[in-house]
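Shown next, in structure tokens, is the structure this report addresses.
Source: prediction; values computed, not measured.
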There are 2 protein chains.
Amino acid sequence: MPGRGEHTRQLIIDSALRLFRERGYAQTTMRAVASEAGVSVGNAYYYFDSKEHLVQEFYDRLQAEHRTAAEPVLRQESDFGPRLHGVLTAWLDVARPYHAFAAKFFKVAAEPDSPLSPFSAASSAPRDAAVGLLREVLEGSTAKVDADLRAELPELLWLVELGVVLYWVHDSSPEQARTRLLIDRAVPLVNRLVGLSRLRVLRSVSRDIVSLSRALRGGTAEALGRAEGSADPDRRR
Amino acid sequence: MPGRGEHTRQLIIDSALRLFRERGYAQTTMRAVASEAGVSVGNAYYYFDSKEHLVQEFYDRLQAEHRTAAEPVLRQESDFGPRLHGVLTAWLDVARPYHAFAAKFFKVAAEPDSPLSPFSAASSAPRDAAVGLLREVLEGSTAKVDADLRAELPELLWLVELGVVLYWVHDSSPEQARTRLLIDRAVPLVNRLVGLSRLRVLRSVSRDIVSLSRALRGGTAEALGRAEGSADPDRRR
DNA sequence: GTCTATAACACGATAGAC
DNA sequence: GTCTATCGTGTTATAGAC
């Protein structure tokens, strides 16, 4: 059963995301969100614990759109480099309309305890989806990679993607052209490194990277096991 | 001339930093800061444009402490790896008392337009100091590096340091032991890569990295030239 | 369980008098 | 430079209606 309140919930989300896009995050008041949705403030808080929780929905939608946009590339390309390039620029295309908005609420996602943090338990679904997409980039390609490294590579590529997003958020160039340039430069580098990973001289480097990656994930796993991220600004409220 | 209000300014900063450490960032109200300093709220805002600006001072102090703590390592070590390791762990030692505090206001630093962003114009002094410290790590070492890469390396090392800080902020392990592990793993890798950078097979990789680094700095330079970072949450106020 | 209406609270920030 | 008073906001509380 779709639930009676599901409609109300959608109304609130829709008006929130629209207002966020039109006027920015900070300038959108909860009163305005409620009023636009035709509900009371109290009702909005009945469905969403805080203003920040309204943004979680945005993540999910963006991730879904990214997958759709990446689909053609995954179907048509078989070289690792172009696949990665296509998927990263697909993200750029999908995210472009939200650039100004994203820059504003980005700080919310940066807080370690926030459920919006990409490392939080609450974000595990979109994170797994993103890593999965990058795994497809690799597995569907003809690239030959050292076996140990192959297992870690999707997570490492996700870190690359995070770096791109971080740069993108700070990128004030028109149409975020600089981020495109960054991708154009970074992808061949990654591609070359992956290709060289089986060279004898680089075996030790490769092992170092695998070990580093596992150390990193250790932290992520621990973060996942941690108390449910519940925004708490210190723990005042 | 030390300025008449300099005393008041210091009073405010001192009480702010003490309260931040004792009760956290969010839980410290501007009213409390002003009251502790024995001034009015309005007066506190006369000296500091916003609560966030109070944290800038913390940056400067931390950076100064880091340099002091790194001094012995820079004097005694000559190998690149140990020098880098020593400087990074020195940061960890210096920053440890502020871990809880840092995790809380970290989001403030993450906002692109915030003066507290490590990429902002307002942060250029601490940033240059940090890059300079890493340049000393390299220049004072016996490491032999490709000339083009050598020029870019301090900035790249600064990115590594940023990554470590990012991890540290999210690190909830006791005494941030995981971050230490991360450094133990990452430094040998960086060291090895730097050492291999002159190998013939890696020339193209090396060139890719230099080119990537320049693309990155292009963005930073642009950010530097941008309108003075003035916090503005959207531009409401 | 879903929802309204309205008031109240605490906080960051500002206005304007002195 | 300093103050007091006040505003706008996120969030909570209350008291109920369907």
Side-chain angles (χ1 to χ4, degrees), chain A residues 1-17 19-20 23-56 104-105 107-108 111 113-116 230-237, chain B residues 1-13 15-16 19-20 23-56 104-105 107-109 111 113-116 229-237:
Chain A
M1 40 203 113
R4 252 252 307 346
E6 189 53 30
H7 178 63
T8 309
R9 194 189 157 83
Q10 286 303 324
L11 274 178
I12 295 169
I13 290 171
D14 287 343
S15 85
L17 292 189
L19 288 175
F20 286 162
R23 338 204 298 212
Y25 179 74
Q27 214 166 58
T28 299
T29 69
M30 288 298 280
R31 289 165 175 83
V33 170
S35 151
E36 276 284 308
V39 302
S40 69
V41 179
N43 200 13
Y45 274 99
Y46 175 80
Y47 286 102
F48 298 94
D49 287 347
S50 76
K51 189 177 172 182
E52 298 185 4
H53 281 74
L54 287 167
V55 183
Q56 190 83 48
K104 289 306 179 180
F105 79 76
K107 64 166 176 182
V108 170
E111 186 170 30
D113 289 339
S114 167
L116 290 169
S230 54
D232 88 308
D234 285 14
R235 69 177 57 88
R236 170 159 41 93
R237 308 174 195 290
Chain B
M1 38 204 117
R4 257 252 307 340
E6 191 53 32
H7 178 62
T8 310
R9 194 190 159 84
Q10 286 302 325
L11 274 178
I12 295 169
I13 290 172
S15 84
L19 289 174
F20 285 162
R23 339 204 297 215
Y25 178 74
Q27 215 166 56
T28 299
T29 69
M30 287 299 280
R31 287 164 174 82
V33 169
S35 153
E36 277 283 310
V39 302
S40 70
V41 180
N43 200 10
Y45 275 98
Y46 174 81
Y47 286 100
F48 298 93
D49 287 348
S50 76
K51 188 177 170 183
E52 299 184 3
H53 281 74
L54 286 168
V55 182
Q56 191 81 49
K104 289 306 179 181
F105 79 76
K107 63 166 179 183
V108 170
E111 186 169 30
D113 289 338
S114 167
L116 289 169
S230 53
D232 86 310
D234 285 15
R235 68 177 58 87
R236 168 158 43 92
R237 310 173 193 293

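- Residue B:Arg9 contributes atom CZ, which lies 12 Å from atom P of D:dT2 at whole-angstrom precision.
- What separates CZ of B:Arg31 from P of C:dT14 is a distance of 13 Å, to the nearest Å.
- Of the candidates C:dA13, D:dG10, D:dG1, D:dG1 carries the atom nearest the B:Tyr46 side chain, counting heavy atoms from C-beta on.
- Whole-Å rounding puts the B:Leu19 CG to C:dC11 P distance at 13 Å.
- Annotation: cation-pi geometry satisfied between A:Lys51 and A:Tyr25 (NZ/CZ under 6.0 angstrom from ring centroid, within 45° of ring axis).
- One finds no side-chain N or O of A:Ser50 lying less than 4.0 angstrom from the OP1 or OP2 phosphate oxygen of D:dG10.
- One can place CE of A:Met30 at 21 Å from P of C:dC9, the figure rounded to the nearest angstrom.
- For the pair A:Leu54 CG and D:dT11 C1', the interatomic distance rounds to 13 Å; values are reported in whole Å.
- As rounded to whole Å, 12 Å separates atom P of D:dA13 from atom OH of A:Tyr45.
- Nucleotide D:dG1 holds its P atom 13 Å from the CZ atom of B:Phe48, rounded to whole Å.
- Put simply, CG on B:Asn43 is 12 Å from C1' on D:dT4, counting in whole angstrom units.
- Closest of all the heavy-atom pairs between B:Asn43 and B:Ile12 is O-CD1, 4.4 Å.
- Base contact: A:Ser40 has a heavy atom under 4.0 Å from a base atom.
- Distance from the side chain of B:Thr8 is smallest for D:dT2 among the nucleotides D:dT11, D:dT2, D:dC3.
- For the atom pair OG of A:Ser35 and CE of A:Met30, the computed distance is 12.5 Å after rounding to the nearest 0.5 Å.
- Judged by distance alone, with hydrogens and angles left aside, the side-chain atoms of A:Ser15 form no donor-acceptor pair with the main-chain N or O of A:Glu36 at under 3.5 Å.
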